[in-house]
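Everything on this sheet refers to the single structure shown next.
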Number of protein chains: 2
Amino acid sequence: MKTADDMGTDGGPSEPEILDARKAAILNAVVTEYISSAQPVGSQHLVDAPGVAVSSATVRSDMAALEREGYLTQPHTSAGRVPTDKGYRFFVDHLAGPAMLDPVGRQQVRRFFAHAHGEIESMLERTSGLLADLTDCTAMVVGPSHESTPIRSIQLVGLAPRVALLVVVLADGSVRKQSVELAADTDDERLAEAARVLTVHCLGRPVAQVDGECGTTGDPDTDGVLAACAGALATLGSEEGAEQLFVGGSSRMAAAFDAVDTVRSVLTILEQQLVVVTLLRDVLDRGLSVAIGSEHGVEPLASCALVVMPISVDGAEAGTIGLLGPTRMNYPQALAAARVVGDRLSSHLSEVGR
Amino acid sequence: MKTADDMGTDGGPSEPEILDARKAAILNAVVTEYISSAQPVGSQHLVDAPGVAVSSATVRSDMAALEREGYLTQPHTSAGRVPTDKGYRFFVDHLAGPAMLDPVGRQQVRRFFAHAHGEIESMLERTSGLLADLTDCTAMVVGPSHESTPIRSIQLVGLAPRVALLVVVLADGSVRKQSVELAADTDDERLAEAARVLTVHCLGRPVAQVDGECGTTGDPDTDGVLAACAGALATLGSEEGAEQLFVGGSSRMAAAFDAVDTVRSVLTILEQQLVVVTLLRDVLDRGLSVAIGSEHGVEPLASCALVVMPISVDGAEAGTIGLLGPTRMNYPQALAAARVVGDRLSSHLSEVGR
DNA sequence: GGCGAGCACTCGGTAGGATGGAGTGCCAGC
DNA sequence: GCTGGCACTCCATCCTACCGAGTGCTCGCC
């Protein structure tokens, strides 16, 4: 399995990246067929494929060549061929044309966004469900990180004589809250006064950049409240950058594999928010929109492929869409769904914000 | 499978609920053994069990009786016996003593609550992970419904010239938000004024009970803002009662069954928040803390059992804990974990609020 | 009357062997 | 360079036999 040796985007190696037309057609047919049947495909099934038009013997010799070059593999002698990760990669990069979503799916997306409402979190949550429905994959939606979103407003609401709730509204409409223990009984007047001072002091800065002290008033009681709030803000700041993750349709992983062990290990990964978010980020940072099998480097997901798509609001990156399926997932469909939903979601979120 | 005919709690039927001591011991041993081995258990394996002390032939005749009475069943002739739902029920009600959490688990719980911090949502989320770790089941934690939690404060924060964010803080410290489209450009002054009117008008009432109109000021611009907010409040009100659900450790369902189909159907249920929340509520309303197999009436979960435990804050019900596992789950352990975590969580949440 | 030893019986799981078929690699010939 | 033909491989399936775990039943014993 040394297929992932140097698959860089440079195209430098002496081996030509582009296969001879017929071999490409054969690879294409193998991948397509295997994606839909999940069965190793033999030479006989390929003679009718477009672009092939040779006898099965010739197909066999081409397939043997494709296997030598690492695009195909055999589960065992005298079985058909199955694509390798490299085979899928070539398919995704050179063979799969830019697909459209099927009409039913398009209709579904249109209806979804026509009735879209509510706040961003529930929007993202429901989007993950939509994507799972469209692609039969597990869908992941990562919300914006807010790491550098400036504070728009700070309020303090008294909950009990010595407990207040610090409510921070960020410029994009997201809300953070943190309860604050106060040293002394404090009435609403004083809380409002403290909130005013805090707002002036913090306005326009992201939460993580608010430093320890939060201004003074000269009044010792109010200053006590402010000090307590500084601690709460620090807590919020340290949580900042922890993007929200919404996973939809994880049950589809159970349909994708028949080994229950595989299902378990994949689900275990999906439960680890940090791992998933990092994985998506990592793939995106490498400039990929598809990561196949070993390419993403998460061992328990070796038999999975990942499709990622950034979400942007007003040009700024504001989240990520991810689709997880078996390596024999329907790439064109998944890419089309991710693109369409990503675009619609991006423009939907941009619209709401103005 | 007519085992669930009349299992009411009345105890009315002529058949005595209590089994003869040896049969009870045998049932106990079968359940215990089957829980730990997942294999049908035969008469030979039971002769050494405490309270049995008879030959395997006698055990066999007792087992045959237990099967006639519906407590046991055979996968096929000449296999050992497996408990039925009724068998598990008897085990839970009469045989399983009140168990303690094992020391390792107790330690884990102690550490968890010692370092507990953050807001209620993340607290509940992490609690679901803790419970899954403790019991090897899938854990569900349902937050409070807020249906009747009074409004403590309402604020309006301008996000764009014609968009404001309505931020509603409830008396228990939870926060609702909803963006509001405004008909005209509105400055912060006017928003603050509208928020003041709104707060006065809504204070102390739950969101769902805020009626259409939200007061007037005489000033047409402010009244326009108020009208827009009334719509937003209605939206929030209609979402009220939709409790938050946190599911942890769903990957454990893949380890619990070896039929991948079962795993898929169970996971599909777990993805439907409303179904899960309703299920937990339903079981709790029937006064049960354990629902086994067919007892809970959700067909795809027929091979699962459910342990539920209410969470209360200051005496008022404030959520639910649920554990989902195969019917051969470790009931004593699950009950102990649910009880301990539920108690600790209840008192933790009560403490924070004062 | 309840209990236990003995016995015949059942049936799932496993191992061995035969068979068929899908698929391959190779080669000679067009 | 492609194709038809051929020998070969190996999985999947089926059948059979067989072992063993487990049962139900009966009869004798205390």
Side-chain angles (χ1 to χ4, degrees), chain A residues 16 19-27 29-84 87 258-259 328, chain B residues 16 18-27 29-34 36-84 87 258-259 328:
Chain A
L19 293 168
D20 123 39
R22 196 181 57 210
K23 282 206 272 193
I26 290 174
L27 179 54
V30 171
V31 173
T32 311
E33 180 68 21
Y34 186 66
I35 283 177
S36 76
S37 75
Q39 297 295 326
V41 5
S43 54
Q44 193 59 248
H45 290 147
L46 299 176
V47 293
D48 294 330
V52 177
V54 285
S55 78
S56 67
T58 311
V59 172
R60 276 202 290 285
S61 105
D62 278 359
M63 285 171 99
L66 284 168
E67 178 162 9
R68 274 193 301 279
E69 293 162 29
Y71 295 101
L72 296 178
T73 188
Q74 276 182 300
H76 55 84
T77 351
S78 91
R81 298 307 207 290
V82 164
T84 60
D258 38 321
R328 46 154 238 281
Chain B
I18 301 299
L19 293 168
D20 122 43
R22 196 180 56 209
K23 282 206 273 194
I26 289 175
L27 179 55
V30 170
V31 173
T32 311
E33 181 68 21
Y34 186 67
S36 76
S37 76
Q39 297 295 325
V41 3
S43 54
Q44 194 60 247
H45 290 148
L46 299 176
V47 293
D48 296 330
V52 177
V54 286
S55 79
S56 67
T58 311
V59 172
R60 276 203 290 284
S61 105
D62 278 0
M63 286 171 99
L66 284 168
E67 179 162 7
R68 273 193 301 278
E69 293 161 29
Y71 295 101
L72 296 178
T73 187
Q74 276 181 299
H76 56 83
T77 349
S78 90
R81 298 305 205 293
V82 165
T84 59
D258 38 320
R328 46 156 237 282

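FYI, side chains are in, hydrogens and waters are out, and symmetry mates aren't considered; it's all heavy atoms of this structure. It should be emphasised that the depicted structure is a prediction, and the values quoted were computed from it without experimental measurement.
Among the protein residues, A/Q44 comes within range of no part of the nucleic acid, since none of its heavy atoms lies under 4.0 Å from any strand. B/A79 comes within contact range of the sugar-phosphate backbone alone, with a heavy-atom separation under 4.0 Å but no base atom that close. At the heavy-atom level, A/S56 lies nowhere under 4.0 Å from the strands shown. Among the heavy atoms of the strands lying under 4.0 Å from B/S43 are primed sugar atoms or P, OP1, OP2 only; no base atom is included. Among the protein residues, A/T58 comes within range of the nucleic acid bases, having at least one heavy atom under 4.0 Å from a base atom.
For B/D258, the CG atom counts as loosely surrounded, since its 6.0 Å shell holds 12 or fewer non-hydrogen atoms of other residues, nucleotides or ligands.
Residue A/T77 places at least one side-chain N or O under 4.0 Å from the OP1 or OP2 atom of D/dC10. For A/R22 and D/dC2, the shortest distance from a side-chain N or O to OP1 or OP2 is below 4.0 Å. Phosphate proximity of C/dG23 to A/R81: absent, as no side-chain N or O sits under 4.0 Å from OP1 or OP2.
For the pair A/T58 and A/S55, the minimum side-chain heavy-atom distance is below 4.5 Å. Two residues are said to be in side-chain contact when any heavy atoms from C-beta on lie closer than 4.5 Å; A/D62 and A/V52 fail this criterion.
Across the protein-nucleic acid pair, B/D62 atom CG and D/dG24 atom C1' stand 14 Å apart, rounded to whole Å. The interatomic distance linking A/E67 (CD) with C/dC26 (C1') rounds to 16 Å, in whole Å. Note: CG (A/L66) to P (C/dG23) measures 17 Å, nearest angstrom. C/dG23 atom P lies 14 Å from atom OH of A/Y34, rounded to whole Å. A straight line from CD of A/Q74 to C1' of C/dG25 spans 10 Å, rounded to a whole angstrom. Spacing between atom CE of B/M63 and atom P of D/dA21 amounts to 16 Å, rounded to whole angstrom units. Spacing between atom CG of B/L46 and atom P of C/dG4 amounts to 14 Å, rounded to whole angstrom units.
Residue-to-nucleotide contacts include no donor-acceptor pair under 3.5 Å from the side chain of A/S55 to the base of D/dT3. Between the side chain of B/S78 and the base of C/dT10, a donor-acceptor pair under 3.5 Å is found.
Between C/dG4, C/dC3, D/dC10, one nucleotide has an atom nearer to the side chain of B/V54 than all others, and that is C/dG4. Considering only side-chain atoms of B/H45, the nucleotide from D/dC10, D/dG22, C/dT24 that sits closest is D/dG22. Closest to the B/A57 side chain, of the nucleotides C/dC26, D/dG24, C/dG6, is C/dG6. Closest approach to the B/H76 side chain among D/dC2, C/dG12, C/dC3 is made by C/dG12 (side chain taken as heavy atoms from C-beta onward). The side chain of B/R60 lies closest to D/dT23 when the candidates are D/dT23, D/dT3, C/dA5.
Scanning all heavy atoms of the two residues, the minimum distance from A/R81 to A/V30 falls at O-CG1, 4.0 Å. The shortest non-hydrogen separation linking B/A38 to B/R328 is CB-NE, 3.6 Å.
Side chain of A/T84 to main chain of A/T73: no donor-acceptor pair is present (N/O by atom type, distance under 3.5 Å, no hydrogens or angles).
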